[in-house]
Amino acid sequence: SESAAGTGLKMIAGIKTMDTGIFGAIIISAIVVWAHNRWFDKKLPDFLGIFQGSQYVYGVCFFLMMPVAFLFSWLWPYAQHGISSLQGFFIASGALGVWVYTFLERFLIPTGLHHFIYSPFVFGNVVTPNGIAKDWPSHLSEFAKSDKPLKELFPGGGFALHGNSKVFAPIGIAAAFYTTARPEKRKEVLALMIPVCLTAILIGITEPLEFTFLFLAPPLFLVHAILAASMAAIMYQLGLVGYMGGGLLDFLFQNWIPLWANHSGTYLMQIGVGLCFTVLYFLIFRFMILKFDFKTPGREEDGGETKLYSKAEYKAAKAAEKNGGAAAESADGDLYAPRAAGFLELLGGAENITTVNNCATRLRVSVADESLVSTSDADFKNAGALGLVRKGKAFQVIVGMDVPQVRERFETMVNEAKTLS
């Protein structure tokens with residue numbers, strides 16, 4: 001047939017093509033990111049310098065994708081069957097399916113595999129033709145006019161309730177951190193938690209909280225996933241559906257405000273259940289922190305820094321633990337960072353940099369105050385440059401064919417310095 005229904009094939013531009021959906025996009029993106037991180041910094045002989053950096057990654061991926069394509073042709077039908085079976089279980093199991101779905105969506109965050117859980121439901125066609133993210137807003141006006149239960153109007157909307165843990169959990173978690181902190185550090189913890197909680201509640205960015213659990217107290221992350229799943233499952237069982245993957249702003253403008261007139265009872269139930277879980281988060285987290293003496297913010301050893309942790313810090317710690325310091329050794333052998341650091345110092349430091357760009361061989365930089373830039377071209381050559389072109393506040397540091405790698409280090413140093421300041 002035209003679409004080869006049921007075979008995993010699809011006609012695209014008149015060509016029968018394997019339809020991997022959003023899974024294929026995620027897998028290919030992961031391979032490309034891995035290849036970039038693996039080979040972007042590869043140093044080639046000078047006569048091949050034009051091919052290093054992104055061009056080298058393109059070339060490697062061209063050949064790498066050939067065996068990947070053959071493997072997909074062979075293995076994808078089996079993977080597709082397994083994925084379809086799991087998704088079918090989610091859909092057919094009602095509140096239990098919502099619980100398992102939401103648990104996996106939270107629990108797999110450290111691995112990045114949570115994208116495989118929610119993306120097909122939210123952006124793919126697993127439960128609605130165009131994905132919940134598109135089909136829910138497109139039917140809002142229709143739902144607003146109906147007094148039928150939301151669960152009846154949009155039954156697939158139970159698979160986009162994971163934002164509830166972003167809205168209702170942070171206050172309970174913050175209260176647990178605050179009340180278990182040392183008395184002398186409570187003000188510091190409060191100042192730390194207020195902006196983090198507001199960000200999580202309003203727009204759904206919970207990374208600092210979740211990766212702090214993973215960094216300092218992994219059992220808290222497991223409890224968080226269980227509570228988040230339980231909250232979503234109970235709300236779904238009581239009639240809540242919708243597009244609630246983000247924070248409070250999503251709740252307000254894509255759910256509560258347009259639908260409140262005919263569905264206020266459902267949303268009042270959601271708020272009530274959510275606040276009950278706020279209390280549960282507080283009680284359970286406080287008990288576990290005290291029981292197991294987790295070193296959450298404000299409970300560090302003397303001299304320890306009171307802070308939350310990011311995904312980058314978590315991954316760096318795991319890499320150092322796995323490689324036994326190999327990452328640090330690799331950084332010491334960086335061919336590009338010393339030149340970037342030297343150029344940055346000679347150009348007046350991070351605060352003096354306004355724009356950064358590059359062409360095939362030159363690092364193009366604009367500065368705020370040209371008088372802070374070193375007047376000696378010899379200094380730039382000693383730092384590794386092949387030459388320097390000056391034009392008012394615009395400078396071109398002639399680097400060579402590895403300028404993309406030098407620019408990457410240069411920009412990272414500028415951004416980090418400005419962030420710290």
Side-chain angles (χ1 to χ4, degrees), residues 20-23 26-27 30 78-128 131-133 135-136 149-152 154-169 172-173 200 204 206-207 209-211 213-214 218-247 250-251 255 266 269-270 273-274 276-278 280-281 284-285 288:
T20 60
I22 198 166
F23 287 105
I26 294 172
I27 293 169
Y78 301 101
Q80 186 179 48
H81 177 73
I83 292 167
S84 297
S85 297
L86 180 61
Q87 292 172 344
F89 165 76
F90 290 156
I91 296 168
S93 300
L96 175 61
V98 171
W99 191 98
V100 177
Y101 165 89
T102 308
F103 173 80
L104 292 175
E105 189 276 332
R106 290 289 91 188
F107 187 70
L108 293 176
I109 283 176
T111 67
L113 295 177
H114 62 300
H115 296 290
F116 288 90
I117 300 297
Y118 77 82
S119 295
F121 288 83
V122 176
F123 304 110
N125 61 355
V126 175
V127 289
T128 68
I132 296 171
D135 289 334
W136 173 262
L150 287 174
K151 199 172 178 181
E152 180 181 334
F154 198 77
F159 298 99
L161 301 181
H162 42 283
N164 282 281
S165 65
K166 303 174 183 180
V167 172
F168 295 108
I173 294 168
T206 55
E207 178 181 298
L209 290 173
E210 288 165 340
F211 282 94
F213 303 155
L214 290 165
L220 292 181
F221 184 78
L222 173 61
V223 172
H224 169 51
I226 292 171
L227 289 174
S230 301
M231 188 191 316
I234 291 172
M235 289 177 175
Y236 175 74
Q237 184 66 23
L238 294 176
L240 180 70
V241 297
Y243 180 37
M244 299 181 177
D250 275 354
F251 288 21
N255 299 272
T266 301
M269 174 278 300
Q270 176 194 7
V273 172
C276 289
F277 270 88
T278 299
L280 275 177
Y281 266 93
I284 295 173
F285 272 52
M288 292 185 66

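Side-chain atoms are counted along with the backbone in the values below, which use heavy atoms only and exclude waters and symmetry mates. Here the structure is a predicted model, which is why all the values come from computation and not from measurement.
No donor-acceptor pair closer than 3.5 Å links the side chain of Thr206 to the backbone N or O of Ala200. Of the possible polar contacts, one joining the Asn255 side chain to the Asp250 backbone as a donor-acceptor pair under 3.5 Å is found. With hydrogens and angles ignored, the 3.5 Å screen pairs no side-chain donor or acceptor of Ser84 with any backbone N or O of His81. A distance-only check finds no donor-acceptor pair linking the side chain of Lys151 to the backbone of Val241 [under 3.5 Å].
Classification of the Phe213-Phe221 ring pair by plane angle, with boundaries at 30° and 60°, yields tilted. Relative orientation of the Tyr101 and Phe121 rings is perpendicular, given thresholds of 30° and 60° on the angle between their planes.
Distance check: Leu161 CG to Ile234 CD1 gives 12.0 Å after rounding to the nearest 0.5 Å. Ile173 contributes atom CD1, which lies 13.5 Å from atom CZ of Phe168 (distance to the nearest 0.5 angstrom). Taking CZ of Phe285 as the start and CG of Leu280 as the end, the distance is 11.0 Å to the nearest 0.5 Å. Distance check: Ile226 CD1 to Met231 CE gives 13.0 Å after rounding to the nearest 0.5 Å. If you take CD on Gln237 and CG on Leu96, they are separated by 10.5 Å, rounding to the nearest 0.5 Å. Atom CG of residue Leu108 and atom CZ of residue Phe103 lie 8.0 Å apart, to the nearest 0.5 angstrom.
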Report the C-alpha distance between Tyr243 and Asp135 in whole Å, list the side-chain angles of each, state the deciding distance to 0.1 Å, and finish with yes or no for side chain to side chain contact (heavy atoms under 4.5 Å, CB included). CA-CA 9 Å; Tyr243 180 37; Asp135 289 334; over 6 Å; no
Does the side chain to side chain contact (heavy atoms under 4.5 Å, CB included) test come out yes or no for Val100 and Phe89, once each step is laid out? CA-CA 10 Å; Val100 177; Phe89 165 76; 4.1 Å; yes
Would you please test Ser93 and Trp99 for side chain to side chain contact (heavy atoms under 4.5 Å, CB included) and show each step? CA-CA 9 Å; Ser93 300; Trp99 191 98; over 6 Å; no
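Here the closest heavy-atom approach between residue Arg106 and residue Ser165 is recorded as CD-OG, 4.0 Å. The minimum heavy-atom distance between Gly239 and Leu150, with the atom names listed, is O-CB, 4.1 Å. The shortest heavy-atom contact between Pro120 and Gln87 is CB-NE2, 3.5 Å. Between Ala232 and Thr102, the shortest heavy-atom contact is CB-OG1, 3.7 Å.
Side-chain contact check for Val122 versus His162: some heavy-atom pair is nearer than 4.5 Å.
Note: Tyr281 and His224 meet the aromatic proximity criterion, with ring centroids under 6.0 Å apart.
The number of heavy atoms from other shown groups lying within 6.0 Å of CZ (Phe107) does not exceed 12.
Screening Ile117, Thr128, Val98 for a side chain to side chain contact (heavy atoms under 4.5 Å, CB included) with Phe159, the sole residue that qualifies is Val98.
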